[in-house]
Amino acid sequence: MQSVMDCQFAFNQGPANPPTSVIFGPEYTGTIVYQHCQPKDVELAKMLLRPNGLFVKDLAQESILTEARYGSVSRVFVVCEKDGVMREELQHWLIENSPPKEVESMAKAGHMVMLSKPKELALC
């Protein structure tokens, strides 16, 4: 399992239940999430850190990603080969469990591909 470094988890439904949100710590943000980005983007991201909902219970429900809802949108999944937040195995699991129209792959692309490789992403 990957280190969560300085991330902070909230357990709003009690410690016996899964976490409900996470706020990435500045160290995690700089070294894992934005590791391929310009320093100015990393510093701005650190200033804007907010809690992210994990939606564990929602994701466990099969009916949330139906063909009539989410499946009706034409999607392209871009596999980011150097994504430290979502390892390639998880990205491929997402592709298998909610197939997009197309799958593209970007070598040396990290989690924030829209900032680290914007031209390459636009070409996808």
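Everything numeric here is computed off the predicted structure, so don't read it as measured data.
Between Met112 and His36 the shortest side-chain heavy-atom distance does not fall below 4.5 Å. Proximity of Leu49 to Thr29: side-chain heavy atoms (C-beta onward) are separated by under 4.5 Å at one or more points. No side-chain heavy atom of Pro19 sits under 4.5 Å from any side-chain heavy atom of Gln13.
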Would you sort out whether Glu43 and Lys46 count as a salt bridge (Lys or Arg N to Asp or Glu O under 4.0 Å), showing the intermediate values? CA-CA 5 Å; Glu43 291 308 310; Lys46 289 179 184 179; 3.5 Å; yes
Dump the intermediate steps for side-chain contact (heavy atoms from CB on, under 4.5 Å) on Ile32 and Met5, then the final yes or no. CA-CA 10 Å; Ile32 304 295; Met5 300 168 78; 3.8 Å; yes
Go through the steps for Val4 and Tyr28 under the test side-chain contact (heavy atoms from CB on, under 4.5 Å), then give the verdict. CA-CA 7 Å; Val4 294; Tyr28 184 83; 5.7 Å; no
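Here OG1 of Thr20 is found 8.0 Å from CZ of Phe11. Values are rounded to the nearest 0.5 Å. Put simply, CD on Gln38 and CG on Asp41 are 6.5 Å apart, with the number rounded to the nearest 0.5 Å. We find the CZ-NE2 distance between Phe24 and His111 to be 6.0 Å, quoted to the nearest 0.5 Å. To the nearest 0.5 Å, the span separating SG on Cys80 from NZ on Lys108 amounts to 14.5 Å.
Of all the heavy atoms in Val79 and Gln91, the pair that sits closest is CA-OE1, 3.2 Å. Closest approach of Cys37 and Leu115 over heavy atoms only: SG-CB, 3.8 Å. Pairing each heavy atom of Glu104 with each of Cys124, the nearest pair is CB-SG, 3.9 Å. Asp6 approaches Glu27 most closely through the heavy-atom pair OD2-N, 2.8 Å. Across all their heavy atoms, Val22 and Phe9 have their closest contact at CG2-CE2, 3.6 Å.
Hydrophobic clustering (side-chain heavy atoms under 4.5 Å, transitive across Ile, Leu, Val, Met, Phe, Trp, Tyr) groups Met114 together with Met86. Both Leu121 and Leu94 belong to a common hydrophobic cluster when Ile, Leu, Val, Met, Phe, Trp and Tyr are linked at side-chain heavy-atom distances under 4.5 angstrom.
Counting non-hydrogen atoms of other residues, nucleotides and ligands closer than 6.0 Å to NZ of Lys82 gives a total of 12 or fewer.
The closest side-chain donor-acceptor pair between Glu81 and Ser105 falls under 3.5 angstrom.
Formation of a donor-acceptor pair under 3.5 Å by the Arg75 side chain with backbone atoms of Glu102 is not found in this model.
Test Ile95, Val78, Val76 against Val103 for side chain to side chain contact (heavy atoms under 4.5 Å, CB included) and you get one pass: Ile95.
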